[in-house]
Amino acid sequence: MSEHADDIMGKAYDARLMRRLLAYARPYIGWLMLALIIVMTVAGVELVRPYVIKLAIDDHMSGYSQPMLVFEPDQVPEDVPERLRAYHDGLVYVKQTGLPKGFSEGDALEVAVVDDPDTVAALRAHDIRRIGNLSMLLILAGIASFGLNYAKSILLHSIGQRIVLNVRTELFTHLEHMDLAFFDRNPVGRLVTRLTNDTETLNEVYTSVLVNLFKDVFTLAGIVVVMFRLSPGLALVSVSTLPLIIIATVLFRVKARDAYRKVRAALARINASLSENISGMRIVQVFNREAHKYSEFKATNAEFYSAGVGEMMVYAVFRPTVEFVATFALSVLVWYGGARVLRGAMPFGLVYAFVNYIEMFFGPINALTEKYNMLQAAMASSERIFQLMDTRPAITDAPLALPIERARGRIEFKNVWFAYNEGEWVLRDVSFTIEPGQMVAFVGATGAGKTSIISLINRFYDVQKGEILLDGINVKELRLADLRRSVATVLQDVFLFTGDIKTNIRLNEKGIADERVREVAKHVNADHFISRLPRGYDEPVTERGSTLSAGQRQLLAFARALAFDPAILVLDEATSSIDTDTEMLIQDALPRLIAGRTTIVVAHRLSTVQHADKIIVLHKGKIRESGTHQELLARHGFYYDLYRLQYTDSPAAPELAASAAPATSQG
Ligand code: DCP
Ligand code: MG
């Protein structure tokens, strides 16, 4: 699994990718809007909190030591807010902090520091009540934020997971329709990563970035606006450290990108190494390669470790840097604001509120840089995912594909040329006909092209030249599903799925009842071993069926093929890995298996193909000769040599002696 460098990185932001990502969110737009409203409300509530505390401090906790305005009740100017008015002894006392700008003492009876204990106690009772109210407000706001944040998290995570589920489904369906050539090119590990890791990275876009981005920007802007409205002087002091933050962030972005790139590359390497070593463990152990493989893995592992540490270092430096700048901003604020509070030019609560706002200010900045990284990872992942989605299957139904009810089973190859890779011909000008119900065998050396011919019949690949006809119709014009339903292939390497025996025979096809499963198993002599399993047809099968023997798996594969009652049965080396007992079972089942259908057999062991109606001998992708067993022996050609090689040393070659004699007399 070698990931290309560009592939690892992708782009930090790509409008085209982003549009596609957003398209997935479209069905949930209503819910996302709701989340947005919630997030904005929470941000608003959080913005107000320091201000409420400031009110509690400036309007109610402090102010006694300073002169207060005293009014007759009907003389209080209208712009004095109710919360600043305290009533005692038929007079109204007004604290000067918190009064609107440009307020004049006007008709005040006097401006005096209140020191009479009775009056102080009365005024204090008023303040305590108001402080109680403000505390209540803070608690309610806290509860509201809690509830809203909770709702938002659930909402966003549900949407994110739902979108990722959709993407995974789309990818899986897409993969199911890809042609085999595609799977020749793409290793399993890479495709698995696309469907799991990469989709999970996308999740972040919808849960953490999309809506929360607005919150961060809104909070930042809100803080700046509130600060400038409260006190332009303090606000300027507070934002004076912004250039430092910007420089730190830009540096961080570059460093973080490099670190992320290294981690991705190392991860790809360690994944590849792991999947290869684990799936090849048997070979590793058989050949005692543990120590060698260990040292190989140690190197990759160490590389991944240092990449991870490198990435951590970048963050380890960046976060404290932002913290430090925040502290610096705070100290400037304390110095500047403290002096003004002492001079009475500024209420203490205002400075306190600014301390809060500055602390709040750096939160979104940290969050934004983190989102930048998430976005970067998501862009890289989505690029890979979309690339996979955009790879069109090379083999699809023709626009007006013909349906087939039940094929008769006549197969014709007309001057077929085929190559897996351009220019490397695997089949050269191959032509033959198989009549319905016939049994035809292909023989030839390894690599001659036997399996390739079979893969072409059910159109796993398309031919470059010539044509392949089923019942006189080019396979390219048939509906793929119908074509593949007509052809059942039993391969030497039987693939079983996780599940039980039953489902492995019928492959979840609902049309095949339990009785039918049993019937076909009996037909192919598999019932015998299945009924001896502890749980019979319900016996669990693990992936690849490693708990069954090769011969048992083979019998299951025969049952599977028969259950689907195909018009054409293909057995590719299907009988070669089987012990003598099982082979006898199969030989016994074979006539029932092939009755009423066209059968194609590929076998190295010529004993299995002798009874074929026609034997086609392939050599380096060309048909060398063809005919019945007797005809071919009589020709003294390639087949004759092959047969002699296999049987001269063994006593089990009576046919050779019998048929060789007339052949020589002919020649
Ligand atoms: N080949 C390829 N790509 C594939 C499969 C095969 O390039 N996905 C090549 C390898 C051989 C040639 O095609 O050179 C023919 O392969 P076959 O599998 O058709 O050969 P046989 O089935 O005849 O060989 P065997 O008897 O070993 O199964
Ligand atoms: Mg083969």
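For ligands, and for the atoms within them, numbers begin at 1 and follow the listed sequence. Index from 1, following the sequence. Everything quoted here is computed from the prediction, not taken from an experiment.
Using a distance-only test at 3.5 Å, with no hydrogens or angles considered, no donor-acceptor pair links the side chain of R459 to the main chain of R484. With D482 contributing its side chain and I404 its backbone, the two residues share a donor-acceptor pair below 3.5 Å.
Using modelled atom types and a 3.5 Å distance limit, the side chains of E296 and H292 yield a donor-acceptor pair. Between the side chains of S452 and Y461, no donor-acceptor pair is found at a separation under 3.5 Å. Between the side chains of N203 and E200, at least one donor N or O lies within less than 3.5 Å of an accepting N or O. One side chain, D500 or T503, offers a donor N or O that lies under 3.5 Å from an acceptor on the other.
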Contacts under 3.5 angstrom, residues 395-403 side chains, donor-acceptor by atom type, not counting sequence neighbours:
unit_1 : atom_1 : unit_2 : atom_2 : d
D397   : OD1    : L480   : N      : 2.7

Donor-acceptor contacts, no H, no angles, side chain residues 505-512, under 3.5 Å, sequence neighbours left out:
unit_1 : atom_1 : unit_2 : atom_2 : d
R506   : NH1    : I512   : O      : 3.0
R506   : NH1    : D514   : OD1    : 2.8
R506   : NH2    : D514   : OD1    : 3.1

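The shortest N/O to N/O separation between S452 and ligand 1 falls below 3.5 Å. Inclusion of A448 in the set of residues having an N or O under 3.5 Å from an N or O of ligand 1 is warranted. The shortest N or O to N or O distance between N421 and ligand 1 is not below 3.5 Å.
Nearest protein heavy-atom neighbour of atom 6 (C) of ligand 1: Y420 CE1, 3.2 Å. Among protein heavy atoms, atom 8 (N) of ligand 1 sits closest to D184 OD2, 3.2 Å. Atom 18 (O) of ligand 1 has T451 CB, 3.5 Å as its closest protein atom, hydrogens excluded (heavy atom only). The protein non-hydrogen atom at the shortest distance from atom 26 (O) of ligand 1 is K450 NZ, 2.7 Å.
Ring-centre distance between Y639 and H629: below the 6.0 Å cut-off. For an aromatic pair to be called close, the ring centres must be under 6.0 Å apart, and F413 with F418 fails this.
Within a 4.0 Å radius of atom 12 (C) of ligand 1, the protein has at least one heavy atom.
Among L618, L456, T446, the residue whose heavy atom lies nearest to atom 25 (P) of ligand 1 is T446. The nearest non-hydrogen atom to atom 15 (C) of ligand 1, considering only A603, A419, G447, comes from G447.
Numbered from 1 in the order shown, with element, the atoms of ligand 1 that lie under 4.0 Å from a heavy atom of V426 read 12 (C), 13 (O), 15 (C).
For D588, the salt bridge (Lys or Arg N to Asp or Glu O under 4.0 Å) test picks out R592, with sequence neighbours left out.
Nearby protein atoms of type N, O or S around the Mg ion (ligand 2) amount to 1 (distance under 2.8 Å).
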